[in-house]
Amino acid sequence: MTRFIAKRLGLGLITLWLLSVLVFFGTQVLPGDVARRILGPFASPSAVTALNKQLGTDKSVFVQYLNWITGLFHGDLGTSVATRTSVSSIVFPALWHSAKLAILAFIIVVPLGILGGVLAALYEGRFRDRLISVGGLSATTVPEFVWSVVFILVFALWLGILPSTATAPPGSGFLTQIEYLVLPALCLVFVLFGYIARMARAGTIESLEADYTRTAVIKGLPYRTVVRRHVLRNSLLPTIAVVATQAGYLIGGLVAIELVFNYQGIGQVLYRAAIQKDFPVLQSAVLIVGVVYLVATLLADLAYSLLNPRIRFESSS
Amino acid sequence: MSSFGEPIGSSVTAADSPAVAEPTVGPGPDEAKVIRREHLALLLRSKTFIAGALILGFWIVCAIFGNLIAPDDPLRTNPVAALQAPSSAHLFGTDTLGRDVLSRVLVGARDILIVAPLATLLATAMGTLLGLVTGYFRGFVDDSLGRLIDAILAVPVVIVGLLSMVALGPSTVTVIFVIAVVFTPVIARTVRAAVLSEVQYEYVAAARLRNERAPYILFGEILPNVMGPVLVEFTVRLGYAIFTIATLSFLGFGIQPPAPDWGLQIYQHYGLISGGYWWPVLFPALAIASLVIGVNLLSDGISQAFER
Amino acid sequence: MSATAPEPTAVQTAPALELRDLEVAYRVRGVWREVLRGVTLSIARNEAYGLVGESGCGKSTAAFAALRYLPRNGRVMSGSILVDGEDLLSMNESQVRQLRVSKVSMVYQNPTAALNPSIRIGDQVAEVYALADGGSDGSDERAREMLSKVQIADPASVMRRYPHQLSGGMNQRVVIAMALATNPSLLILDEPTTGLDATVEGEVLDLIKTLREEFETSLLFITHNLGVMAKMCERMGVLYAGRLVEEGPVADVFDRPSHPYTVGLLRCIPRGGVRKDKETLDTIPGFLPQLGADLPACVFADRCGLAEDICRQQEPPFHRVSEGHCSRCHFYDRAHTLPRTTGAPPVLGESARQEPVLQARGVQKTFHQEGHAIHALNDVEFALKEGETLGLVGESGSGKTTLARLLIGLSPPDEGSVVELDGAQLAPTVSKRERDQVRALQIVFQNPDSALNRRFSIHRILGRALTMLTGQRGEEREEHLRQLAHSVRFDVRLIGARPAQLSGGLKQRVAIARAFAGDPRIVVCDEPTSALDVSVQAAILNLLVELQAKQKVAYLFISHDLGVVRYLSDRIAVLYLGRLMELGPADQVFESPQHPYTEALASAVPTAEGTERERIRLVGEIPSAASPPSGCVFHTRCPRYIGDVCKTEEPELKEVEPGHFWRCHYSAEQLRELQKTPPKPRV
Amino acid sequence: PNVTRVSPPQTKPPKAGGTIRTGIVAPAAALDPIMISDEGGLAVLGQSAQYLVWSDKNLTLRPVLAESWTHDHTGRVWTFKIRRGVSFSDGTPMTAEDVAATFNRLSDPKVGSNALSNFDGVLSKGNTKAIDPYTAQFTLDAPNGNFPYLVSSDNYNSVVLPKNYDGGWDKTFIGTGPWKLESFTPNQGVSYGRNPRYWGQPTVAERSEVTFYAEEQAQTLGILGNQVDVVAHYSVSGGRALITNPDVRTTQFRSSSHRQIHMRTDKEPFADKRVRQAMALLLDRRALVNGLLATKSDYGNDSPFAPVFQSTNQSVRQRQLNVAMAKQLLEAAGKGAGFSTQLLTLTHFELPDLAQVVQNDVSVAGINLKLSILDPGSYYGSSKFGTSPWLDSTMGITDYGHRGVPNLLLTAPLSSKGPWNAAHFRNPQYDQLVAHYVAALDLGAQRAAAGKIQELLLDETPVMFPYFYYFLTGARLNVSGVETTAMGHVDLSRAGFA
Ligand SMILES: Nc1ncnc2c1ncn2[C@@H]1O[C@H](COP(=O)(O)OP(=O)(O)OP(=O)(O)O)[C@@H](O)[C@H]1O
Ligand SMILES: Nc1ncnc2c1ncn2[C@@H]1O[C@H](COP(=O)(O)OP(=O)(O)OP(=O)(O)O)[C@@H](O)[C@H]1O
Ligand SMILES: [Mg+2]
Ligand SMILES: [Mg+2]
């Protein structure tokens, strides 16, 4: 087990390094320079040169990359060239914001999706199944920003029961913060429900057909008990793994929702950093999303092995 | 369920599957044709498949003959007639530039039906290649390519989109490229898993035992057997491609105006919903949803019918 | 066969299970297809009833029908099912459930899949009690008692484990424990030992026998294996294409089979030490009809050597052969005269060459897994002569497949291992071997479904093999291909078909043809018939013998089935935990003196004759190859354990008689003496 | 939906107290007064820091930190009297020293201030002096009649900072303004309280919270959902929903913000001025103003002279849609069959829409424009000739923000040496006229020069100016007293709730 975790962490580090190299080469294609981005297209060239010098963005990108990597080993993510504040003061609050939203969305959508998927599986091929499968699918296909606007319209503007932005006023209590996050989380619920339900459905169907389910029925267990005790446990495993792969998307991929709800998540940070060519922020933010993604998949695998006693011993065979 | 130990990797043998005709009596070679015909019959009996095919068929007709069907020129602007609510003159209303939404939705099928399948096809091709290679050659190749795949998977779509758009310029080709980059690792993973289970089959060992080279084993022997998962993955990804194109449009990296692309239409008008102008968003959104659902129904239908 | 006589009380007059004219159909592609065509049978209280038949004839369907648990597309079309006299088909759901809880239980093959992988054994067993009593008080305790009844040594610790942590045999005991937990009146066993090792199978069967006596349960026992049937059952039925064609007391049926199908089945299996050079095995020609096919009046007519016009026109009645023994054959009284389908055995000339074609010395194979070194093979040494068959036996996990893969170059042996072909050292992997060497050494795998690419036609599969191995092309290749197909008795007209369209036997023929495409010198056969029905198995074995006679090819023949190995092999090698325990001429290996391990293996095999020698129990599980026992690796389970010497000193592989080697501290004489009596069980 | 709502007269003065919540577009970069180059940044700047002079929404100047100003007869030396009794939020008093330091800093090429382009050729480093603690003197490089605009809020970087200021403004928000920083969360917003040391009237509201919006749509939803009381600025393209919403009162006024559609005068197909004239004649401005901008704009007449500028010569005739004439001109230029070229623009407000309408409008004459819509970074590139799609394109649409005076708009994009001359327009006569205009000190002379420039540009048409759009501010009905400028400043000191 520890071996397994250690190996995964090691591989994870390599992946993260590759990730930073990818981003590094990627950012090379962005035109213009940082000072130009900051001062705008109409600023005078001498101002641009002066500012680039001040920011250190006149140095070669390799040097910048090296500086960033060196800083990283000292636990320093560097300084944002656009806002000239420390990268950690930008990235970590954003990460926290993203995490809050993601967690809330997960808390709502995972049980719902699983419930939906299981119901669909139990009524496979019948109306309820169609309703859940096709309904979930339809919800998933509508882009999240459309859901955002629709929900704001209904819940914030017409009914006036929920705020139209996601950022709670400073100093708000826990419940208020949640209140502010309900709408964006709801969008994610709509986007993810179909996906999770689909997985849960497939897993449940598979486990309904398994020999052990047959054993349980033949034992004479009531159908409910069979489903609860014998089917669900095994059917949820693949769903967990799948849900975890969504963590990267939930943390770094919500630009559209974050923009519409004016929420300072890591998606917005990424987007802005890329547009402003804010290399240290971009690198760090991508790295963090990468870490979240890798940790989430690792945790999922661990959870998987906890729930599935077989895995622990077979992990690398 | 054969009574003598499970055949490796296939819990359902041909004999148990109701979908495959398995004559225990040796059949003639044209039995293959019969089977194909039975597959077809089975497909045609599947409501899921039929519904999907009808929806997709409708949009394909629109894509091909959209300009003929559309009541108006989807590109002609008339700002003074902007944002008219649906009426008999404009069944779906007009957009901010006074264009007929119905015409744009009908003609818009073309862009998505070219871009999404092309992008998905590219991703499927690359992902299949990667998946075959990483699944077959374990060890170093798998480890290093695997890391790379992981790394690409971890790059947020925004970044891929932005960088590609800047590097390649805003064009349909860029959109195709972005989707391909984003989907390739996902498909590679699925294919790799399929290959891993396929490699356990002894026909692969048998091929090695007659000195076949790796490329033949990969493409000649294994590929035909993983085409099932590849096909399913293709259709599933196709749905997501449509969705992703819309999101890319939202971030400004998508298909370029004045193309009547659905995602672009939604992006251009979503802000107007709060002003009560729902029609330029609703209809393209419905179009996207129906297309994705159609594709998914189709793929469900196919995979049910061909389930081994 | 010592069932206690049923007590004639009022309640117990009703049979435990009664099927009356049961017709079951499956809906396939919209059409209802008949599986069971009017099956009538009755199992008395305390009786053990066996059901045999080829794969697909409807045995499992009958079993599941008795529990009213048919697949979703299955339906009882007519007839009735009575359990303890109660009509199952008219019950409502909760009554059915109650019946499952209290009266009928079932055990089927693949016990590991039958247990929930994510629930502890204890909970799964206790669940049954909780269900029966409505509360869970004391159910753990009762579960433990039950587990010890099925002879699980340390029930408390087993209860805490998960199914994957136990061996197949242990899991099957657990399943049996669950099935018997509520003392059902009927226990259905659907091939409960298929897939288990012979030694484990023996134990499980013993266990069932013991428990049956203790619990006074009726059995419906489904099996392929006539030997198992003979051992376990009092009465048996033979099922063919959903029809019961013969029924009667087991001994009667075996002594005087009165249906040509039964006769055929019995002739398929190598019995009583028959050898390939003495006798060919008989086979049943043709195939089982398809599901729902239109059948002649006598369902077996199409495959029957005795069939006459009447068989196709008039359904034979259930003739009474003797007391309780009936046969559905017009010619039941001359069924035993069924003509043989195969001719005299081919002449297997002794090879002139004495030097071996294949020689293995000091072969070693270590797998590395999660930091453990698994010594799958250790110091294996043998030689194979031209035209000779070396049988390789051993329990599951003993390294048979590993050795096979290593010889043909699919996985490299450890440094220092020597494998020579015609005196020339072979490269460790196939890609480094010369073409002639690759041609010379081929394999037939266990499962033809997996060994043939399901996307390709037979033509392509064989054609490609020919092209790659012989370099032939065009018309020359086509000609060779036809010859090849002919030589394995594969109908050339089917050459365009894909594997899925062929039956298992035909597929295995293709696999054999492929192995023979390059005129090999040695063919490794890794359990080539264990996925096949007995009748098909016989045909394949005949084919192998025939090819050997024609081509002087040598076989390394791996099998679990000692009867088959004995039939086919000239010499036999016994593997245990990666070590060669015994190697010698086939007859010598099967007669005393034997290595104690071989002795135990051989004693575990039930034979169709029912002439059974006392089974020697092996205590405990096979040790893990990652940490093999010290000294003689078999000492932990050896029934003839001597003492500390076995623990500390690994015996040499020594020649005890000319050409007969074993790895034991005992001498041949000592063992010969000892083996006159069965060993005392070890504790 | 195209209804113009004229803001009703605000009769009731707001009550003191409360927290006024304002949405603004998020500042793009670090909040450093010297560097700020965007609307969000300057809006924040204006809360706690102040200018010598305030240029209000009608472009009239009002003294703030300067009490009065005079110039010598050449128009080169300008003297400003500085207000007494003003102190910075940290308590240090403000003097002419601080003023001099501020402007010398902004005009220092080494500092890289964003005001540099405004001072280029006008004010050099070291030429601002404190004559006494309350008098500051500017010696210009060349005479300039509009100089006070350059030290006003129109030159938005020119807030007066302490003389020893050396970066780190976002820690203190130091300035002399009515609001004092309470807390600042980057990318999220700022909250302010009353500045107890403020020299003027205390603010009406007790507190002020400014929320940053990265996306205009979110800002619109913010005020509709009552998350903010005021949106300082919104556009028709992003805030159409506000125009018709009964809960929001829109205040609108003219600005000089506009879009320039440049055509390369040195390159086919636009080398012939008749082709350029034809293009401009094909533009249906009425449809643009009424449709695209929902009437919230003035007509553009293909010169930088926006109706809002006092110097604009109103007697010059307005160019109208005239397809027939356009076709004639094209015929004469040998392009009767039309032509095909690329139209480049960027993703920014209504620009893509405008491009589509232009594309559609000119298509009647057989002209085929291929659209290429880039992200802003790519469009502007390095902002240098040769490496900037903006400056190198054959035809492009560029966004120009508000300026208080037309000077920069006359020189940079149009004069022969202009750094933003995307049309590559080189006309000595034009350069001369502009020089006249810049030097003209009184309005009459300016108007006369303007008339000539306008006529010349109408004839040459290197750049089309389709419209000058209004500055729109939205406030919820119970809020009054919000003052904004076309530059994007929002003065909340008098804002409060009814
Ligand atoms: N759910 C099903 N749908 C359709 N056909 C089925 C189904 N289950 C079984 N069959 C078919 O019914 C026939 C009888 O099946 P059954 O499992 O009863 O045979 P069996 O005698 O138990 O065979 P085996 O020895 O292989 O276990 C076979 O041809 C099988 O393919
Ligand atoms: N690739 C592998 N990695 C690690 N261990 C392996 C591998 N292959 C086989 N082994 C181990 O080597 C031992 C011998 O396995 P092998 O498959 O040769 O047994 P077998 O005699 O063929 O068994 P069976 O009768 O079940 O086919 C077992 O302990 C098995 O777990
Ligand atoms: Mg069966
Ligand atoms: Mg094996």
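In this pair, Y240(B) and F243(B) present their aromatic rings perpendicular. The plane angle is above 60°, beyond the 30 to 60° band.
Side-chain contact of E198(B) with Y136(B): a donor-acceptor pair under 3.5 Å is absent, judged by distance alone. Judged by distance alone, the side chains of S60(C) and Y108(C) never bring a donor and an acceptor atom under 3.5 Å apart.
Among the candidates D491(C), L196(C), V438(C), the residue making the largest number of heavy-atom pairs closer than 4.5 Å to chain B is V438(C). Between chain B and the residues R464(C), R439(C), R405(C), the largest count of heavy-atom pairs under 4.5 Å involves R464(C).
Heavy atoms of L452(C) lying under 4.5 Å from chain B belong exclusively to its backbone. In this structure, chain B has a heavy atom under 4.5 Å from the side chain of F456(C), while its backbone stays farther away. Only the backbone of R433(C) comes within less than 4.5 Å of a heavy atom of chain B; no side-chain atom from C-beta onward does.
Atom CD1 of I558(C) is separated from atom CD1 of I443(C) by 7.0 Å, given to the nearest 0.5 angstrom.
With hydrogens and angles disregarded, no donor-acceptor distance shorter than 3.5 Å links the side chain of N453(C) to the backbone of Y203(B).
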